[in-house]
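Atom set for the values below is all heavy atoms of this structure, side chains included, hydrogens, waters and symmetry mates excluded. The structure displayed is predicted, hence computed values, not measured ones.
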Amino acid sequence: MDTTPIRKSHKLHNVCYDIRGPVLDHAKRLEEEGQRILKLNIGNPAPFGFEAPEEILQDVMRNLPTAQGYCDSKGLYSARKAIMQECQRKEIPGVGIEDIYIGNGVSELIVMAMQALLNDGDEVLIPAPDYPLWTAAANLSGGRAVHYLCDEQADWAPDLDDIRAKVTSHTRAIVIINPNNPTGAVYPPEVVRELLEIARQHDLVVFSDEIYDKILYDDVEHVSTGALAEEDQLVVTMNGLSKSYRCAGFRSGWMILSGSIAKQRAADFIQGLTMLASMRLCANVPAQHAIQTALGGYQSINDLILPGGRLLAQRDITFEKLNAIPGVSCVKPKGALYAFPKLDPKVFNIQDDQQMVLDLLLQEKILLVQGTAFNWPDPDHVRIVTLPWADQLGNALDRFARFLSRYRQ
């Protein structure tokens with residue numbers, strides 16, 4: 001019998017997704033032993049008591065009898081029309097029904113977009129820190145993720161000079177994550193315009209990940225990248241139901257193409273997207289019936305982010321508790337569901353942040369994700385999910401402070 005190992009594809013050598021990586025494997029082992037783990041590693045609202053609005057669930061259930069077959073490969077007409085109207089509300093011009101693709105979450109669409117655009121050796125500018133699926137998808141598609149730095153001293157805004165320095169003849173696209181995961185930054189319109197200008201100068205496709213566009217704090221406003229772009233720039237906007245509507249398990253996301261002049265020039269790329277959409281037949285049909293009700297109905301997310309709301313209270317206690325820990329500093333998140341604190345290297349001397357996160361798990365039964373998992377270059381940050389109730393978060397951060405008070409590598 002042949003005992004030659006069956007190995008993974010070479011295409012996976014530069015692909016990682018440590019949000020569900022080796023440390024999570026340890027957490028699962030501890031759970032199997034009967035220990036309770038507080039999982040602050042993934043932005044999954046449901047386990048923390050955030051439920052989808054009842055009217056969304058009712059619409060999905062009512063439409064189940066008619067959702068048994070495949071739909072158009074781009075998605076249900078009614079859902080895409082609701083997304084088109086949302087584009088009008090957000091002042092993204094020139095978006096028609098055929099410019100919208102519905103996918104099994106934004107994750108599927110990110111991979112699809114990278115596969116449609118990139119040839120071997122093509123480069124994509126992706127923020128550091130990033131949501132690591134963008135990096136993984138670029139690498140898996142034969143491209144190369146080139147990380148531009150975001151500046152912690154400037155509320156985590158992109159470093160424009162660093163971006164300019166990293167554009168090469170191989171650069172095909174730039175990714176903007178706004179509001180940002182993992183930092184919670186929300187970029188002012190003038191910053192987005194600067195990013196668009198760099199993209200214009202170098203003829204780059206702009207991918208704008210806006211999944212957290214309704215989770216905003218302190219009266220901060222979010223402006224869509226597509227609303228600021230000129231008609232000759234191709235902007236691919238990603239959004240969905242997972243976070244703002246607490247429907248993560250529905251896997252219902254969408255991708256929007258804007259820039260009417262640019263779309264004519266991008267006809268071949270768009271044909272590629274349509275081909276890939278057709279190859280997977282269609283996205284989950286029952287979940288698409290949630291889209292029209294979600295976008296057109298009562299925006300219950302506002303009850304959670306305004307004064308008195310759970311998400312705001314949880315953001316506040318996370319920010320306060322982190323900054324009270326000696327040697328820890330955290331920029332105040334303006335949006336999303338995360339904090340990305342810095343652990344002062346002079347105080348903690350952490351050389352291996354994955355080991356630090358594992359040690360925290362073993363000692364305090366709290367699961368975080370190390371900063372380098374988000375392609376941050378130095379082992380001096382962690383990401384903390386702000387979804388647990390405020391008192392639970394407060395207790396967890398007190399334990400984190402206790403851990404750090406005695407931890408050195």
Side-chain angles (χ1 to χ4, degrees), residues 1-35 37 39 41-44 70 73 101 103-124 126 128-147 170 172-173 175 181-182 207 238 242 248-251 253 255 272-284 287 351-359 361-362 367-377 379 383:
M1 179 177 173
D2 191 352
T3 58
T4 305
I6 300 172
R7 301 192 180 279
K8 66 185 178 187
S9 159
H10 294 313
K11 294 193 292 291
L12 291 171
H13 283 178
N14 292 321
V15 175
C16 68
Y17 188 75
D18 280 345
I19 293 174
R20 296 194 179 194
V23 181
L24 179 61
D25 294 336
H26 285 279
K28 288 178 178 177
R29 176 177 55 79
L30 292 172
E31 286 183 319
E32 288 167 1
E33 295 171 358
Q35 303 197 51
I37 307 299
K39 293 181 179 175
N41 65 312
I42 189 166
N44 187 14
Y70 299 131
S73 62
Y101 297 75
N104 295 300
V106 168
S107 302
E108 180 187 52
L109 297 167
I110 289 172
V111 175
M112 189 185 300
M114 293 293 105
Q115 288 178 330
L117 181 69
L118 300 180
N119 292 312
D120 290 351
D122 285 346
E123 296 175 353
V124 183
I126 298 174
D130 70 342
Y131 177 58
L133 180 63
W134 281 103
T135 294
N139 292 337
L140 185 61
S141 300
R144 176 172 170 258
V146 175
H147 294 102
H170 299 289
R172 297 290 309 282
V175 174
N181 172 11
F207 292 103
M238 308 285 188
S242 294
F250 283 23
R251 311 310 302 128
M255 174 170 65
L273 286 175
T274 302
M275 183 188 306
L276 291 172
S278 299
M279 285 169 62
R280 47 104 221 218
L281 298 176
C282 67
N284 179 328
Q351 304 298 313
D352 183 340
D353 56 353
Q354 180 172 292
Q355 183 62 49
M356 186 271 292
V357 166
L358 177 58
D359 292 337
L361 171 68
L362 296 174
L367 178 59
L368 305 181
V369 182
Q370 68 274 16
T372 54
F374 302 92
N375 294 292
W376 183 248
R383 188 187 76 167

So OG of Ser107 and CE of Met238: to nearest 0.5 Å the spacing works out to 10.0 Å
Heavy-atom check, side chain of Leu30 versus side chain of Leu361, under 4.5 Å: yes
Trace of the side chain to side chain donor-acceptor pair (under 3.5 Å) decision for Asn284 with Asn104: CA-CA 6 Å; Asn284 179 328; Asn104 295 300; 5.2 Å; no
Spacing of OG1 belonging to Thr372 relative to CG belonging to Asp353, to within rounding of 0.5 Å: 3.5 Å
Any residue meeting side-chain hydrogen bond (donor to acceptor under 3.5 Å, both in side chains) with Asn139, in chain and number order, not counting sequence neighbours: none
I need the Leu367 CG to Lys28 NZ distance, nearest 0.5 Å. 10.5 Å
Scanning both residues in full, the closest heavy-atom pair of Arg383 with Asn181 reads NH1-OD1, 2.8 Å
At their closest point, which heavy atom of Val357 faces which heavy atom of Leu368, and how far apart are they? CG1-O, 3.1 Å
Start with the C-alpha gap between Asp130 and Val175, add the side-chain angles, then the distance that decides, and say whether side-chain contact (heavy atoms from CB on, under 4.5 Å) holds. CA-CA 9 Å; Asp130 70 342; Val175 174; over 6 Å; no
If you compare all heavy atoms of Ala113 against all heavy atoms of Met255, which two are closest, and at what distance to 0.1 Å? CB-SD, 4.2 Å
Locate the shortest heavy-atom distance separating Ala137 from Ile110; write the atom from each residue and the value. CB-CG2, 3.9 Å
Identify, with sequence neighbours excluded, every residue that meets salt bridge (charged side-chain N to carboxylate O under 4.0 Å, His left out) alongside Arg251. none
Please determine whether side-chain contact (heavy atoms from CB on, under 4.5 Å) holds for the pair Gln354 and Val23, giving the CA-CA distance in whole Å, both sets of side-chain angles, and the decisive distance to 0.1 Å. CA-CA 8 Å; Gln354 180 172 292; Val23 181; 3.8 Å; yes
From Leu358 atom CG to Met356 atom CE, the distance as rounded to the nearest 0.5 Å: 10.5 Å
Minimum heavy-atom distance Ile126-Ala145, with the two atoms named: CD1-CB, 3.7 Å
Could you check if a side-chain atom of Gln370 sits within less than 4.5 angstrom of a side-chain atom of Asp352, using non-hydrogen atoms only? no
Val124 and its side chain to side chain contact (heavy atoms under 4.5 Å, CB included) partner, picked from Leu118, Val146, Leu117: Leu118
Partner residues of Glu33 under the salt bridge (charged side-chain N to carboxylate O under 4.0 Å, His left out) criterion, sequence neighbours left out: Arg29
Drop me the distance from Leu24's CG to Lys39's NZ, to the nearest 0.5 angstrom. 6.0 Å
dist Gln35:CD -> Leu362:CG (nearest 0.5 Å) comes out at 9.0 Å
With Asp122, which residues qualify under side-chain hydrogen bond (donor to acceptor under 3.5 Å, both in side chains), at least two apart? Arg172
Between Arg144 and His170, is there a side-chain heavy-atom distance shorter than 4.5 Å? no
Checking Gln115 now: which residues fulfil side-chain hydrogen bond (donor to acceptor under 3.5 Å, both in side chains) with it, not counting sequence neighbours? none
Restricting to ring-ring contact (aromatic ring centres under 6.0 Å, His included), what partner residues turn up for Trp134, sequence neighbours left out? Phe207
Pairing donors with acceptors under 3.5 angstrom, does anything connect the side chains of Ser73 and Tyr101? no
If I compare all heavy atoms of Asn44 with all of Ala248, which pair ends up nearest, and what's the gap? OD1-CB, 3.9 Å
